[in-house]
Amino acid sequence: MKNLDITTPVKVLDYDELPAADRHIVELARKATFRSYSPYSRFRVGAAIRLDNGEVIEGANQENIAYPSGTCAERSACYYAHARYPEAKFESIAIAARGTDGEFTPGPTAPCGACRQALLEYETLAGHDVKVLLAGRDNVYVLPSVKSLLPLAFTEFH
Ligand code: THU
């Protein structure tokens, strides 16, 4: 038997410590929360994806009266990004959320499992790590890649 310890490296930075390019997508993710359609949960999530063609694509969660038909912010962003610019590679993604009180969450909002799997697909297509920025009100968690958020991911079948 052997043990395998899997660790996730996370840097916790103040907003001001981020490089300008990262601050920019954090701001866009925060702004995107105001375009969330979430009358059922009242939890507003925004995402912003930087592409290697210079574009930034934003998304926000979109809910539906038939609850499972809704889509998270991260998937609305990554699916639109690839539908709009299928040749572009993802470079980084920022995620932010406002809670039921309308305020930005004090801590970071991490993507759900399904969004991690969806984002991993585009990291794989990019052929390099896609930086993940999880923005809270007080600081930003920075992860080097999507795969670091989804250890032992399902990546192939035959
Ligand atoms: N949600 C996201 O948009 N992203 C996540 O990573 C987690 C959850 C949305 C789904 C739903 O509209 C609301 O937040 C409450 O779960």
Side-chain angles (χ1 to χ4, degrees), residues 6-15 18 21-51 55-85 88-126 128-155:
I6 300 173
T7 57
T8 301
V10 183
K11 287 187 170 48
V12 183
L13 273 69
D14 291 338
Y15 176 79
L18 292 171
D22 291 350
R23 284 201 305 271
H24 183 54
I25 60 168
V26 165
E27 274 318 299
L28 292 176
R30 285 179 172 153
K31 283 191 182 138
T33 65
F34 290 91
R35 299 192 298 274
S36 158
Y37 174 67
S38 43
Y40 306 106
S41 73
R42 294 166 46 78
F43 190 69
R44 298 107 169 158
V45 187
I49 298 171
R50 181 180 298 286
L51 303 174
E55 298 287 337
V56 177
I57 299 294
E58 298 153 38
N61 56 327
Q62 303 293 314
E63 297 185 348
N64 187 274
I65 195 163
Y67 291 175
S69 303
T71 301
C72 291
E74 299 88 330
R75 272 177 286 167
S76 82
C78 73
Y79 290 152
Y80 178 61
H82 199 250
R84 178 70 181 81
Y85 297 111
K89 295 180 166 137
F90 288 24
E91 290 192 334
S92 50
I93 177 170
I95 301 160
R98 290 184 299 118
T100 51
D101 60 1
E103 301 296 325
F104 285 107
T105 54
T109 296
C112 75
C115 286
R116 293 175 198 213
Q117 186 74 44
L119 291 168
L120 183 66
E121 189 88 13
Y122 300 107
E123 181 170 84
T124 305
L125 283 178
H128 55 65
D129 288 353
V130 173
K131 193 196 280 190
V132 180
L133 303 154
L134 307 178
R137 184 191 59 208
D138 303 324
N139 49 36
V140 180
Y141 282 25
V142 182
L143 291 96
S145 61
V146 175
K147 63 178 177 290
S148 67
L149 264 176
L150 190 60
L152 300 179
F154 177 66
T155 53

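We count ligands from 1, going down the list as the structure has it; atoms in each ligand are counted the same way. Here the structure is a predicted model, which is why all the values come from computation and not from measurement.
Protein residues with a heavy atom under 4.0 Å from ligand 1 are S41, F43, V45, N61, E63, C72, A73, E74, A110, P111, C112.
Using cut-offs of 30° and 60° for the angle between ring planes, the F90 and Y122 rings count as parallel.
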With a cut-off of 3.5 Å and sequence neighbours excluded, list every side-chain donor-acceptor pair involving residues 131-147.
unit_1 : atom_1 : unit_2 : atom_2 : d
K131   : NZ     : D22    : OD2    : 2.6
S145   : OG     : S148   : N      : 3.1
S145   : OG     : S148   : OG     : 3.4
K147   : NZ     : D129   : OD1    : 2.6

| message | Between E91 and L51, does the side-chain contact (heavy atoms from CB on, under 4.5 Å) criterion hold? Intermediate values first, please. | response | CA-CA 5 Å; E91 290 192 334; L51 303 174; over 6 Å; no
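With sequence neighbours excluded, the residues forming a side-chain contact (heavy atoms from CB on, under 4.5 Å) with A77 are A47, I49, listed by chain and number. Applying the side-chain contact (heavy atoms from CB on, under 4.5 Å) criterion to T33, with sequence neighbours excluded, gives R44, A96, R98, F104.
With contacts defined as side-chain heavy-atom distances shorter than 4.5 Å, the pair Y40/I65 qualifies.
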